[in-house]
Amino acid sequence: MAGWEAEHGCEAFYACLWDDKRIAEALRKRLQESGAWRVAEAIAA
């Protein structure tokens, strides 16, 4: 994180992760497998 858009802070780093399709797919898969995706959807609603 420190070397990737560091000047924009932590929030920008995490938002940028979801902009990269390959990273977003991998994250979503892991979150679904762990059950955390359901929690994230509930929070976002």
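- Hydrophobic cluster membership is shared by Trp37 and Leu17, with clusters built from Ile, Leu, Val, Met, Phe, Trp and Tyr side chains linked at under 4.5 angstrom.
- In this structure Glu25 satisfies the salt bridge (Lys or Arg N to Asp or Glu O under 4.0 Å) test with no other residue, sequence neighbours excluded.
- A distance of 12.0 Å separates NZ in Lys21 from CZ in Arg28, rounded to the nearest 0.5 Å.
- One finds the CG atom of Leu31 at 12.0 Å from the NZ atom of Lys29 (value rounded to the nearest 0.5 Å).
- For the atom pair Ile43 CD1 and Arg38 CZ, the distance stands at 10.5 Å (nearest 0.5 Å).
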